[in-house]
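Whatever order the structure lists them in is the order used to number ligands and atoms, beginning at 1. Since this is a predicted model, take the numbers as computed values, not measurements. Start at 1 with the first residue, then count along the sequence.
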Amino acid sequence: MTRRRRLYEGKAKILFEGPEPGTIVQYFKDDATAFNNQKKGTITGKGVINNRISEYLMMRLAEIGIPTHFIRRLNMREQLVREVEIIPLEVVVRNVAAGSLATRFGIAEGTALPRSVVEFYYKNDGLNDPMVSEEHITAFGWASPQDIDDIMALALRVNDFLVGLFLGIGIKLIDFKIEFGRLYEEDMMRIVLADEISPDSCRLWDAKTNEKMDKDRFRRDMGKVEEAYQEVARRLGILLEGGPGDVRGPTAVQ
Ligand code: 5GP
């Protein structure tokens with residue numbers, strides 16, 4: 001058994017030092033949290049499924065020229081990614097009113113938005129990820145105006161592609177959250193898609209019935225959470241034979 005240095009433990013993932021310099025291993029946990037950690041639980045097999053779904057979506061996005069941190073999947077729960085400097089923003093793209101937007105503006109959930117809307121939130125659990133404007137982002141130095149332009153353009157391309165991909169398998173992409181990082185190569189810096197894309201970070205509704213197939217089932221105690229994640233994977237054509245299975249987690253060194 002190999003021992004690896006644990007770099008960071010988040011709510012749904014653990015990051016370990018990768019085998020080569022400039023690489024990181026992302027380990028996907030079954031832990032689920034909502035409402036900034038006030039609700040905690042486990043979704044059995046979620047880590048295995050999200051590892052697969054995120055691998056699949058990152059690979060499809062790379063094929064259309066979206067730069068990502070993803071290198072390759074290592075095993076059931078782990079993927080190798082490039083080490084990037086995470087930009088401390090949660091970038092949310094919305095197509096249909098739901099969640100905090102529906103609440104904030106008093107719009108019924110399920111109402112189509114006049115156009116896709118991109119929002120920025122400052123990644124800070126202690127502050128409950130407050131929504132921020134481009135003014136805040138540039139004034140506090142989290143990203144430059146050029147970075148913001150790049151992030152907006154990438155986020156909208158990701159949205160356009162994923163809307164079509166999901167619609168093709170009978171799923172509406174209501175909204176999603178993505179993160180970006182800075183990848184330094186020699187004297188160049190590129191902004192790349194980082195973190196994960198999975199039913200933890202997307203709202204996915206069945207196109208015919210509007211049934212929720214994402215983490216809202218956990219957040220709102222709707223039941224059939226595992227089944228929903230499995231169904232998304234099944235429709236993407238990546239459900240593992242005989243169920244999600246499992247592997248023994250890594251041994252961490254503090
Ligand atoms: P809302 O602002 O409506 O709560 O969330 C908008 C979208 O971003 C939803 O798809 C939600 O899953 C995602 N999202 C927002 N904040 C987070 C977060 O902290 N973690 C994850 N995994 N997804 C988030």
Side-chain angles (χ1 to χ4, degrees), residues 8-15 26-43 46-47 49-54 57-58 69 79 81 86-113 116-133 142 151-152 154-156 158-159 161-163 165-166 171-181 193-206 210-222 225 228-229 232:
Y8 171 81
E9 176 152 5
K11 288 173 275 190
K13 291 190 293 298
I14 309 174
L15 303 185
Q26 282 200 144
Y27 174 93
F28 287 74
K29 301 193 282 186
D30 284 350
D31 297 354
T33 64
F35 313 119
N36 198 19
N37 252 333
Q38 287 175 47
K39 180 179 166 79
K40 289 187 188 171
T42 303
I43 302 172
K46 170 173 84 80
I49 291 177
N50 281 359
N51 187 22
R52 284 269 175 163
I53 292 178
S54 199
L57 297 178
M58 291 278 183
H69 73 158
Q79 52 181 241
V81 300
I86 287 285
I87 295 170
L89 296 173
E90 296 196 339
V91 180
V92 170
V93 185
R94 302 179 185 270
N95 301 303
V96 174
S100 71
L101 179 133
T103 307
R104 193 178 320 121
F105 299 116
I107 303 174
E109 259 205 342
T111 309
L113 298 175
S116 303
V117 171
V118 181
E119 298 172 342
F120 298 107
Y121 295 82
Y122 177 45
K123 240 173 94 71
N124 185 316
D125 284 344
L127 298 174
N128 221 351
D129 298 340
M131 193 177 185
V132 292
S133 71
W142 298 322
I151 288 170
M152 288 279 273
L154 287 169
L156 290 170
V158 169
N159 183 52
F161 181 76
L162 292 184
V163 163
L165 184 149
F166 279 115
I171 294 175
K172 284 194 260 188
L173 178 61
I174 303 300
D175 57 32
F176 61 94
K177 182 269 296 181
I178 45 179
E179 296 184 22
F180 293 90
L193 187 59
D195 194 52
E196 69 174 283
I197 309 179
S198 72
D200 270 11
S201 52
C202 300
R203 285 199 173 91
L204 304 168
W205 294 3
D206 181 87
N210 280 342
E211 198 179 345
K212 297 185 197 315
M213 306 174 69
D214 56 59
K215 201 169 132 187
D216 271 351
R217 300 200 72 88
F218 168 79
R219 294 187 186 105
R220 303 179 188 188
D221 291 323
M222 298 171 77
V225 188
Y229 279 60
V232 173

For ligand 1, which atoms sit closer than 4.0 Å to a heavy atom of [X]?
X    : value
V92  : 6 (C), 8 (O)
D200 : 12 (O), 21 (C), 22 (N), 23 (N)
S201 : 10 (O), 12 (O), 13 (C), 22 (N), 23 (N)
G99  : 3 (O)

Heavy-atom nearest neighbour of atom 9 (C) of ligand 1 within options D175, D129, V91: D175
Among A102, A97, S198, S100, which one puts a heavy atom closest to atom 2 (O) of ligand 1? S100
Could you tell me if the side chain of [Y] sits less than 4.5 Å from the side chain of [X], heavy atoms only?
X    : Y    : value
K172 : M213 : no
V225 : K46  : no
L204 : F176 : no

I'd like to know if [X] and [Y] make a salt bridge, using a cut-off of under 4.0 Å between side-chain N and carboxylate O.
X    : Y    : result
R203 : D214 : no
R220 : E109 : yes
K177 : E119 : no

Part of C202 within contact of ligand 1 (heavy atoms, under 4.0 Å): backbone
Would you mind checking which non-hydrogen protein atom is closest to [atom], with the distance to 0.1 Å?
atom                    : answer
atom 14 (N) of ligand 1 : K177 CB, 3.6 Å
atom 11 (C) of ligand 1 : R219 NH2, 3.6 Å
atom 6 (C) of ligand 1  : R203 NH1, 3.6 Å
atom 19 (O) of ligand 1 : E90 OE2, 3.3 Å

What verdict does the side-chain contact (heavy atoms from CB on, under 4.5 Å) test give for L193 and F180, after you've listed the backbone C-alpha separation in whole Å, the side-chain angles of each residue and the deciding distance to 0.1 Å? CA-CA 5 Å; L193 187 59; F180 293 90; 4.0 Å; yes
Side chain to side chain contact (heavy atoms under 4.5 Å, CB included) partner of F28, the single match among N51, I14, I53, D200: N51
Taking N or O atoms only and a 3.5 Å limit, does R94 qualify as a polar contact for ligand 1? yes
